Amino acid sequence: MMRNYILGLALTGMIYSAYACTNPSANTYNAETTETSAEQAAINPKFADSKLNAVYQHYIHLKTALVNEDIKEATAGAKMLAAALKDANIKSKQIAAIVDANDLKGKRARLSDLSNELAEIFRNSKLESGVIYKQYCPMANDNNGGYWLASEKNIKNPYYGSKMLSCGSVEEEIK
């Protein structure tokens, strides 16, 4: 009797494990946060001005690194974004602080203001294709809220990464 109980319990555990490993919703974090650069390029908006394209690509690099909780890539993305902003002759009050921040929290603290600066520039620029989604999380920045820009409607929250990946909403579409 006890042997049958243990066998049944073991079989249930194996079935559950197999289901969890093959169920797409169980693997949402990996599927949602790891995009190849080719996939990202296919959905990224395209501006008439090539320098703005570079600014947007590097912004997305920074944002994606924050989503993935990757400090090394976030720093690299911020440095490339700073160079692209300078090349495009766009002044930002936020980018230097993001580059200089030594941790994710410090980089995330300035992301909303940077996103608002760039949203204004992108709104007033010629977008040849695609849509930029201005997204918002009310819990970011100690419940003061925070914005970010994305190329897709799906929420991938750069403020909390895997802890609250889908927290937020689309506030505006820039076309």
Side-chain angles (χ1 to χ4, degrees), residues 24-25 27-92 94-95 98-99 101 104 107-141 145-175:
S25 66
N27 294 318
T28 352
Y29 177 71
N30 290 335
E32 290 183 354
T33 59
T34 53
E35 296 173 349
T36 66
S37 55
E39 289 170 335
Q40 187 64 44
I43 61 172
N44 276 346
K46 184 175 180 191
F47 292 92
D49 181 345
S50 63
K51 291 181 180 183
L52 274 182
N53 282 325
V55 167
Y56 187 77
Q57 297 303 319
H58 294 304
Y59 173 87
I60 292 299
H61 180 185
L62 168 63
K63 189 250 333 174
T64 302
L66 293 173
V67 168
N68 292 334
E69 301 170 330
D70 186 337
I71 186 69
K72 183 178 174 186
E73 280 303 310
T75 300
K79 287 178 180 177
M80 288 186 269
L81 176 56
L85 287 165
K86 184 177 181 182
D87 187 45
N89 201 26
I90 297 171
K91 301 209 184 314
S92 168
Q94 307 305 321
I95 194 62
I98 293 173
V99 168
L104 291 173
K107 291 185 185 313
R108 288 170 169 159
R110 301 291 182 128
L111 182 66
S112 186
D113 290 334
L114 173 67
S115 299
N116 287 327
E117 286 177 351
L118 293 178
E120 187 64 31
I121 291 165
F122 296 150
R123 226 181 265 113
N124 296 314
S125 301
K126 184 171 184 338
L127 196 56
E128 290 184 338
S129 65
V131 176
I132 298 172
Y133 298 94
K134 186 175 179 185
Q135 300 177 336
Y136 178 74
C137 173
M139 298 174 70
N141 299 315
Y147 291 95
W148 70 94
L149 305 173
S151 301
E152 65 281 329
K153 278 187 180 181
N154 277 351
I155 301 296
K156 296 176 189 172
N157 191 324
Y159 293 100
Y160 292 104
S162 62
K163 293 178 191 89
M164 295 176 57
L165 186 63
S166 60
C167 178
S169 61
V170 174
E171 293 288 311
E172 178 186 359
E173 292 184 9
I174 301 171
K175 298 179 183 180

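The structure presented is a predicted model; accordingly, all values stated were derived computationally and were not measured.
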Under 3.5 Å donor-acceptor, [X] side chain and [Y] backbone:
X: E73; Y: H61; value: no
X: Y160; Y: M139; value: yes
X: D113; Y: Q94; value: no
X: N141; Y: G145; value: yes

Check whether any side-chain heavy atom of [X] lies under 4.5 Å from a side-chain heavy atom of [Y], and answer yes or no.
X: N157; Y: V67; result: no
X: L127; Y: F122; result: no
X: K91; Y: K86; result: no
X: P45; Y: S151; result: yes
X: L165; Y: I155; result: no
X: R108; Y: P158; result: no

Out of curiosity, [X] [atom1] to [Y] [atom2], how far, rounded to the nearest 0.5 Å?
X: W148; Y: Y133; atom1: CH2; atom2: OH; value: 14.5 Å
X: K51; Y: D49; atom1: NZ; atom2: CG; value: 7.5 Å
X: T75; Y: L104; atom1: OG1; atom2: CG; value: 8.0 Å
X: I60; Y: L149; atom1: CD1; atom2: CG; value: 7.0 Å
X: I95; Y: R110; atom1: CD1; atom2: CZ; value: 11.0 Å
X: H58; Y: L62; atom1: NE2; atom2: CG; value: 11.5 Å

Next on the checklist: Which residue in the set L114, I98, V99 passes side chain to side chain contact (heavy atoms under 4.5 Å, CB included) when paired with L81?
Outcome noted: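 One option only clears the test, and that one is L114.
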
Checklist entry - Would Q57 and M80 count as a side-chain contact (heavy atoms from CB on, under 4.5 Å) if you check the C-alpha gap in whole Å, the side-chain angles of each, and the deciding distance to 0.1 Å? => result CA-CA 9 Å; Q57 297 303 319; M80 288 186 269; over 6 Å; no

Next on the checklist: The test is side-chain contact (heavy atoms from CB on, under 4.5 Å); show your working for I132 and Y59 and say whether it passes.
Outcome noted: CA-CA 12 Å; I132 298 172; Y59 173 87; over 6 Å; no

Next on the checklist: Could you work out, with salt bridge (Lys or Arg N to Asp or Glu O under 4.0 Å) as the rule, every residue matching K107, not counting sequence neighbours?
Outcome noted: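 With neighbours one apart ignored, the set is empty.
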
Item to check | Pair E152 + K63, salt bridge at N-O below 4.0 Å | outcome: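 Yes.
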
Checklist entry - Do E172 and R123 sit within salt-bridge range, that is, some charged N less than 4.0 Å from a carboxylate O? => result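 R123 and E172: salt-bridged.
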
Measure across [X] and [Y] and return the closest heavy-atom pair with its distance rounded to 0.1 Å.
X: A140; Y: Y159; answer: CB-CG, 3.5 Å
X: V55; Y: A84; answer: CG2-O, 3.6 Å
X: E173; Y: V170; answer: CG-CG1, 4.4 Å

Checklist entry - Which salt bridge (charged side-chain N to carboxylate O under 4.0 Å, His left out) pairs, counting each pair once, include a residue from residues 125-137, with sequence neighbours left out? => result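 Applying salt bridge (charged side-chain N to carboxylate O under 4.0 Å, His left out) to every pair that reaches into residues 125-137, excluding sequence neighbours, yields nothing.
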
Item to check | Full working for side chain to side chain donor-acceptor pair (under 3.5 Å) between E120 and N124 | outcome: CA-CA 6 Å; E120 187 64 31; N124 296 314; 3.1 Å; yes

Checklist entry - Checking side-chain contact (heavy atoms from CB on, under 4.5 Å) for the pair L52/I90: CA distance, chi angles, key distance, verdict? => result CA-CA 9 Å; L52 274 182; I90 297 171; 3.8 Å; yes

Checklist entry - Stepwise, does the side chain to side chain donor-acceptor pair (under 3.5 Å) test hold for Y136 with S112? => result CA-CA 9 Å; Y136 178 74; S112 186; over 6 Å; no

Next on the checklist: The test is side-chain contact (heavy atoms from CB on, under 4.5 Å); show your working for S169 and E171 and say whether it passes.
Outcome noted: CA-CA 6 Å; S169 61; E171 293 288 311; 3.0 Å; yes

